[in-house]
2 protein chains.
Amino acid sequence: MQNSLKTLFPNFSSELIATIEQNGSAQDFESGTILMRTGQYIKNTVLIMKGKIKIYREGEDGGEFLLYYLQPGQACAISMICTAKSEKSQIMAKVVEDVSVMMIPLQLMDKWMMEHRSWYEFVIETYRSRFEEVLEVVDNIAFRSMDERLEFYLKRHSDACGCSEVKLSHQEIATELNTSREVVSRLLKKMEQRGLVKLNRNQIELLKKI
Amino acid sequence: MQNSLKTLFPNFSSELIATIEQNGSAQDFESGTILMRTGQYIKNTVLIMKGKIKIYREGEDGGEFLLYYLQPGQACAISMICTAKSEKSQIMAKVVEDVSVMMIPLQLMDKWMMEHRSWYEFVIETYRSRFEEVLEVVDNIAFRSMDERLEFYLKRHSDACGCSEVKLSHQEIATELNTSREVVSRLLKKMEQRGLVKLNRNQIELLKKI
DNA sequence: TTCTTTCTGTGACAAATGTTACTGTAGATT
DNA sequence: AATCTACAGTAACATTTGTCACAGAAAGAA
């Protein structure tokens, strides 16, 4: 069982894992599913067992700005942070590769924080790493120009999928960077001329240089 | 004693306050002091008793991008999040109005989290609100243009200082928005023409419209 | 005062990004 | 095959932002 809690969350104590298995509800969602919309009330914390989720910040005009990926062994920091208060979500979560998740009712969060040291540490570490990740996003948009941001975007995508082919249309990339399709096409073309990528329909191949 | 722990942190239990007074070290810093540099190891959590601190993200090129303010009754989320691991700081903290702070050794963080419910809740709430604040920063730079960001900056400043005069040079504002002085001058001039502000040397007066 | 520094304003230009409009092409559908 | 649709390329232009150069005003120092 390669996708067990034990393997994915190696720091969890046996008791914690037993508790999760007892109280959590395993659920599957297909790619494309919106797991959480901005403004919705959060009722569960989500542990990712399989697949991939992208977390977006939504603009008033309907923009979908990519913040980061969630992968197996990780959890949604936003949902954890909202604790028992059942706050509104500040983000949107979209499944981009069929996922299996473990849903944990928020009421249990506080309880587990006190009872399970390994849960406490996991939550704190999740906060910390997501905070850092968002700060890196700030770096990108505050200090870098679009061509650097595009490179970063492609690298991150290929890291997340573990391959060097980015199977996305220029339009999709543009949306997630909050720019226009033409700008992405233009910059990608320049990157191709610099020998960084090879362009095909619905697919960008990252060459070793990148 | 208007700046007592009890008044500033009304949700802290009496035992917690006693513990803080016993273990924390009260310190004062003058405006201009850099309390924390990017990359430094964090050894303390900081509770703000008086004054104001600005938190910045530093760019490789020396940029100082403003993230948010810390005010009396608040605490530095970054320092809390780094827990006992004594991680490196991802941000820079600068005193902008003489402060009195309470420094709390990081080792005590974990202990108090378990022992003091009110501390636990304060820490979680601090994480949550700072995360939200950084997400708002992302909104601004991802979705808005410089004139809107400048307006937001001025509003935030006047909220923080509780007055309608912003006593900063255009250069200082430009630095914190990571743009150039000329751009700020230009946009401020337009705002003045729209009747939103009145410009003086080293001072911008926000008019009611804003 | 005179000198000096800092701050502000502004024109002219450069570069980056956004927009419009149009083209062609690969795949899918019929 | 003929048609349709989504995707990609690109030229031309608008707008925003950044840079350079310079001038004058305000505050402080000598």
Side-chain angles (χ1 to χ4, degrees), chain A residues 31-32 59-66 138-154 157 165-206, chain B residues 31-32 59-66 138-154 157 165-206:
Chain A
S31 178
E60 293 157 1
D61 55 342
E64 296 184 359
F65 191 84
L66 177 63
V138 170
D139 279 356
N140 278 313
I141 39 183
F143 297 123
R144 304 195 198 295
S145 51
M146 197 53 84
D147 54 350
E148 293 175 291
R149 287 173 52 197
L150 178 58
E151 272 198 42
F152 184 84
Y153 175 94
L154 295 174
H157 180 99
E165 280 87 39
V166 177
K167 293 190 196 310
L168 295 171
S169 70
H170 297 184
Q171 182 58 68
E172 291 176 287
I173 298 173
T175 303
E176 304 201 338
L177 289 169
N178 196 50
T179 180
S180 72
R181 201 255 320 159
E182 292 86 337
V183 171
V184 171
S185 289
R186 198 151 63 194
L187 294 176
L188 280 173
K189 210 66 197 170
K190 277 188 201 161
M191 286 178 68
E192 188 175 45
Q193 284 158 10
R194 286 194 291 148
L196 298 178
V197 296
K198 189 166 176 319
L199 301 179
N200 301 298
R201 188 188 175 84
N202 268 318
Q203 198 225 50
I204 300 159
E205 191 182 335
L206 307 197
Chain B
S31 178
E60 293 156 1
D61 54 343
E64 296 185 359
F65 190 84
L66 176 63
V138 170
D139 278 356
N140 277 312
I141 41 183
F143 297 123
R144 305 194 198 295
S145 50
M146 197 53 85
D147 53 350
E148 295 175 291
R149 287 173 52 197
L150 178 57
E151 270 199 42
F152 183 84
Y153 176 93
L154 295 174
H157 181 98
E165 281 86 39
V166 178
K167 293 189 196 311
L168 295 171
S169 72
H170 297 183
Q171 182 59 67
E172 291 176 286
I173 297 173
T175 303
E176 304 200 338
L177 289 169
N178 197 50
T179 181
S180 72
R181 200 260 315 160
E182 292 89 334
V183 171
V184 171
S185 290
R186 199 152 61 195
L187 294 176
L188 280 174
K189 210 64 196 169
K190 278 188 201 162
M191 287 178 69
E192 187 176 46
Q193 284 158 9
R194 287 195 290 148
L196 299 177
V197 296
K198 189 165 175 322
L199 301 180
N200 302 295
R201 188 186 173 87
N202 269 317
Q203 198 225 50
I204 299 158
E205 190 183 336
L206 306 197

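Below, read A as the first sequence line, B as the second, and so on, with proteins coming before strands; counting in each chain starts at 1. Basis for what follows: all heavy atoms, side chains included, without hydrogens, waters or symmetry-related copies.
- Salt bridge status for B:R144 with A:E60: present, with a side-chain N to carboxylate O gap under 4.0 Å.
- Between the P atom of D:dT15 and the CG atom of B:D147 lies a distance of 14 Å, rounded to the nearest Å.
- At C:dT6, none of the side-chain N or O atoms of B:H170 fall inside 4.0 Å of OP1 or OP2 (strictly under the cut-off).
- Per the geometry, NZ belonging to A:K190 stands 14 Å off C1' belonging to D:dA11, to the nearest Å.
- Rounded to an integer number of Å, the gap from NZ of B:K167 to C1' of C:dT6 is 17 Å.
- Going from atom CE of B:M146 over to atom C1' of C:dT17 covers 13 Å, rounded to whole Å.
- Atom CG in B:L188 sits roughly 12 Å away from atom P in C:dT10 (whole-Å rounding).
- Annotation: of the two residues near DNA chain D, B:V183 and A:K189, the 5′-most nearest-nucleotide partner is A:K189.
- Distance, B:N178 CG to D:dG18 P: 8 Å, rounded to whole Å.
- In terms of phosphate contacts, B:S169 brings no side-chain nitrogen or oxygen within less than 4.0 Å of OP1 or OP2 of C:dT6.
- Distance A:L187 CG to C:dT17 P: 7 Å, rounded to the nearest Å.
- A donor-acceptor contact under 3.5 Å links the side chain of A:R186 to the base of C:dG18.
- Using a 4.0 Å heavy-atom distance criterion, A:S180 is classed as a base contact.
- Across all non-hydrogen atoms, the minimal contact from B:F65 to B:N178 is CD1-CB, 4.0 Å.
- Side-chain proximity of A:S145 to the nucleotides D:dC7, C:dG18, C:dT17 is greatest for C:dT17.
- Following rounding to the nearest Å, B:L150 (CG) and D:dT17 (P) show an atom-to-atom distance of 11 Å.
- For A:R201 against D:dA6, a side-chain N or O and a base N or O form a donor-acceptor pair under 3.5 Å.
- Residue side chain B:R181 reaches the base of C:dG9 through a donor-acceptor N/O pair under 3.5 Å, judged by distance alone.
- Using a 4.0 Å cut-off between charged nitrogen and carboxylate oxygen, A:E151 and A:R194 count as a salt-bridge pair.
- Inter-residue side-chain proximity for B:E165 and B:K198 is flagged as unmet; no heavy-atom pair is nearer than 4.5 Å.
- Annotation: side chain of B:M191 is in contact with side chain of B:L154 (closest heavy-atom distance under 4.5 Å).
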